[in-house]
Amino acid sequence: MNAKKSIAELVAKALIKAFPEAAGLPAVDEVEAFLEVPPDTAMGDYAFPCFRLSKPLKKGPPVIAQALLNAMGDNEVATGQAAGGYLNFFLNRERFALDTLALDNTRYDLASSNTGKTICLDYSSINIAKRFHIGHLTTTMLGHSLKRIYDFLGYRTIGINHLGDWGTQFGKMICAYKHWGNKDEVEAGGVDAMTSLYVRFHEEAEKDPSLEEEGRAWFKRVEDGAEEALAIFNWFKDVTLKDAERVYQKLGVTFDYYTGESFYNDKMDRVVVELKEKALLVESDGAQVVDLTEDNMPPCLILKRDGATLYTTRDIAAALYRKDTFDFTKALYVVAYQQDLHFRQWFKVIEKMGYPWAKDLIHVSFGMVSYEGQALSTRKGHVIYLEELLDRAVEKALAIIEEKSPGLEDKETVARQVGIGAVVFADLFNNRIKDIDFWWDRALNFDGETGPYVQYTHARCCSLLRKATEAGVTPNGSQTSALTDDDAQEVLRQLSRFISAVLEASDHYEPSMVTRQITRLAQAFNKYYYEQRILDEDMGASAARVRLTEAVRDTLRQGLWLIGMEAPERM
RNA sequence: GUGCCCGUAGCUCAGCUGGAUAGAGUGACAGACUCCGACUCUGUAGGCCGCUGGUUCGAAUCCAGUCGGGCACACCA
């Protein structure tokens, strides 16, 4: 049983003993919810605030705290101390050490409660013929991390890269390719070559407006499945994905499906038919919309005046398809907050269609990326490509390794783990809603609360464990008297909070809660390392401190994994 | 104009369902390696928690208003 629960039981019992006449005293669960952590560990490990009992018991909070303390008596869990309106608890340190080291932070014990539940995650969702830039990093890493977090908690997860592979612009690109492109150039140049074709199209279309019509015609042919058009379109897609795959590999990101917008081309009739049947579709300015005035939102467009579908239509079709196919418990859409209204609109349409699972559709929104204070703009060249960022981070990591650990084996691999880790960590350190203004010096900072800091701490633990093995010390936490000092207790405290941090992260769709927790753990361990000698003559005490080190290493590695980072054993 | 989001140390940000003197990193200054990895650790300075009112025993946290910033607001995605 965890410490908090044990204390809640103590308090609940003491309440009944101290106030036998009183009615409506809080039960154990309620007491547990009231328990809080004092602002300073010198005040105790947990505190029970007595203020809200003041009115029903008709006594002052300090009087209640004292009465509870008297009723509680001695016990092996914790000692109490009345402080104003609070009853503070100091845990029995040896027992806390024993309990905490018995936890396994690399597994989630209650996994069975989530088995059979499925989470669909829609993330990264890149556009065909466009290069990966820093604006795509957050959706990719946030989604990837959430997927790992839900996996850890025992869910079945479905990662979907909902490719932006539909729209007139692809007709224009095919048109440009037919006029001025050639196969070898595109094969060699990849996405860049396709982008040039697109730019060329717009230049030429200024002079010759008939090209616009030609472009639309090409897209129509793709829609209708005409052989040549479809072949070129699919080839563009392959080339883009091959480019993107290089970046995904560097980041260690994978997907279960690459079903993009085009995948739903033949699944949209159902949406339109169903909306008509349910009398939700109304005509407005020639277009077909779902009216949302009573929900205080602008109408949701389903069909354009020319009868063509929109991406909202495809999102609805995709949601229906995913519900049918995966029967998800929740479907997460990891998309920037710009599209807030769009999601609120079509989620509402699903609700109006009568699907109770509309409440399970979650827009996991996040902040925008700018570069040195200005909006990103591919057209103006004001952009940082993701691959360049990753490569420069790896380069810098390699330079630091050359300087500080020239003898390290396989420097390139470690530099990759550290450099990319720094970028990923920084992306998942703050609350996702925060905007990010990109500056090179910030992005390449490896000091302080950064990925390399946590990785370094992990490597330091590994090193210590190697030394322990050489010295013949086997990790063994039984001599808990060696772990009662303030620094060890702080490490234990941070270890004990890991799983709840992961649960909070999943509740709030906020991996930064994991990032923050492992950072606090690393800070606590580094302080401990400096203040206390881990390996010394006392074998029993060393074994206990080595066991603590092992738990820290395992937890850091697990936490790094959950946010999509690797944990090198040496760096 | 309407809706949503944000506003906490010079800078970047934490602050869990309201709770005890508001925290960290960074930058500045001052320190710590004959000792388990100094990508580390310790200390000092730095804050009308945008502003005003309200609810409460208690508000950075909840409510209303206000100012400042971002985003969105029909045939693009």
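The chains referred to below are lettered A, B, ... by the order of the sequence lines, with proteins before strands, and numbering in each begins at 1.
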Selected nucleotide, minimal atom distance to A/Arg516 side chain, candidates B/A77, B/C36, B/A14: B/A14
Touch class at under 4.0 angstrom, heavy-atom based, for A/Arg344 against every strand present: sugar-phosphate
Sugar-phosphate only, base, or nothing, as touched by A/Ala468 at under 4.0 Å among non-hydrogen atoms: nothing
Touch class at under 4.0 angstrom, heavy-atom based, for A/Gln339 against every strand present: base
Separation of the P atoms in B/A64 and B/G3, to the nearest angstrom: 12 Å
Spacing of the P atoms in B/C16 and B/C62 (rounded, Å): 9 Å
Sugar-phosphate, base or nothing in reach of A/Phe429, heavy atoms under 4.0 Å: nothing
List the atom pairs, donor and acceptor, that lie under 3.5 Å between side-chain atoms in residues 411-426 of chain A and the rest of the protein, sequence neighbours left out.
residue	atom	partner	partner atom	Å
A/Lys411	NZ	A/Glu402	OE1	3.1
A/Lys411	NZ	A/Pro406	O	2.9
A/Thr413	OG1	A/Asp410	OD1	2.9
A/Thr413	OG1	A/Asp410	OD2	2.7
A/Arg416	NH1	A/Glu566	OE2	3.4
A/Gln417	NE2	A/Glu566	OE1	2.9

Distance test, side-chain N/O of A/Lys396 to OP1/OP2 of B/C39, below 4.0 Å: no
Sugar-phosphate, base or nothing in reach of A/Glu36, heavy atoms under 4.0 Å: base
Integer angstrom distance from the C1' of B/G27 to that of B/U12: 11 Å
Distance below 4.0 Å between A/Tyr529 side-chain N/O and B/C33 OP1 or OP2: no
Sugar-phosphate only, base, or nothing, as touched by A/Ala308 at under 4.0 Å among non-hydrogen atoms: nothing
Separation between the P atoms of B/G70 and B/G25, rounded to whole Å: 31 Å
Residue matched to B/C29 through Watson-Crick or wobble contacts both under 3.5 angstrom: B/G43
Any donor-acceptor pair under 3.5 Å from A/Gln345 side chain to A/Pro298 backbone: yes
Touch class at under 4.0 angstrom, heavy-atom based, for A/Ser284 against every strand present: base
Distance below 4.0 Å between A/Asn445 side-chain N/O and B/G25 OP1 or OP2: no
Flag, side chain of A/Ser542 to backbone of A/Asp536, donor-acceptor distance under 3.5 Å: yes
Sugar-phosphate, base or nothing in reach of A/Pro298, heavy atoms under 4.0 Å: sugar-phosphate
Any A/Lys434 side-chain nitrogen or oxygen under 4.0 Å from OP1 or OP2 of B/A14: yes
A/Asn296 side chain near B/U2 phosphate (N/O to OP1/OP2, under 4.0 Å): no
Of the listed nucleotides B/A20, B/C39, B/A77, the one nearest the side chain of A/Asn127: B/A77
Sugar-phosphate only, base, or nothing, as touched by A/Phe51 at under 4.0 Å among non-hydrogen atoms: base
Nearest-nucleotide 5' precedence on RNA chain B, A/Met571 against A/Asp40: A/Asp40
Inter-nucleotide P distance (B/G1, B/U66), Å rounded: 11 Å
Partner nucleotide, any strand, of B/C73 [Watson-Crick/G-U, under 3.5 Å]: B/G1
Nucleotide nearest A/Lys527 (side chain, heavy atoms from C-beta), chosen from B/G70, B/C41, B/G37: B/C41
Rounded distance in Å between the P positions of B/C6 and B/U44: 34 Å
Listed nucleotide nearest any side-chain atom of A/Leu310, set B/C76, B/A20, B/C13: B/C76
P spacing across the pair B/C29 / B/G69, given as an integer number of angstrom: 35 Å
Nucleotide nearest A/Lys55 (side chain, heavy atoms from C-beta), chosen from B/C39, B/C57, B/C41: B/C57
Touch class at under 4.0 angstrom, heavy-atom based, for A/Leu301 against every strand present: base
Per A/Glu449 side chain, nearest of listed nucleotides B/C39, B/G25, B/C36: B/G25
Touch class at under 4.0 angstrom, heavy-atom based, for A/Arg52 against every strand present: base
Distance test, side-chain N/O of A/Tyr311 to OP1/OP2 of B/A77, below 4.0 Å: no
Touch class at under 4.0 angstrom, heavy-atom based, for A/Met297 against every strand present: nothing
First of A/Ala47 and A/Asp285 reached from the 5' end of RNA chain B, by closest nucleotide: A/Ala47
Among B/A72, B/A77, B/A20, the nucleotide that comes nearest once only the side chain of A/Leu341 is considered: B/A72
Sugar-phosphate, base or nothing in reach of A/Gln532, heavy atoms under 4.0 Å: base
Touch class at under 4.0 angstrom, heavy-atom based, for A/Gln345 against every strand present: nothing
Phosphate OP1/OP2 of B/C39: any A/Lys404 side-chain N/O under 4.0 Å: yes
side-chain N/O A/Tyr530 vs B/A38 OP1/OP2, d < 4.0 Å: yes
P gap between B/G46 and B/G23, integer Å: 15 Å
Options B/C11, B/U21, B/G37, nucleotide nearest the side-chain atoms of A/Arg442: B/C11
Nearest to side-chain heavy atoms of A/Met513, which nucleotide of B/G15, B/A20, B/U40: B/G15
Base B/A20 paired with A/Asn88 side chain (donor-acceptor, <3.5 Å): yes
Proximal nucleotide (of B/C11, B/C36, B/A77) relative to the A/Glu261 side chain: B/A77
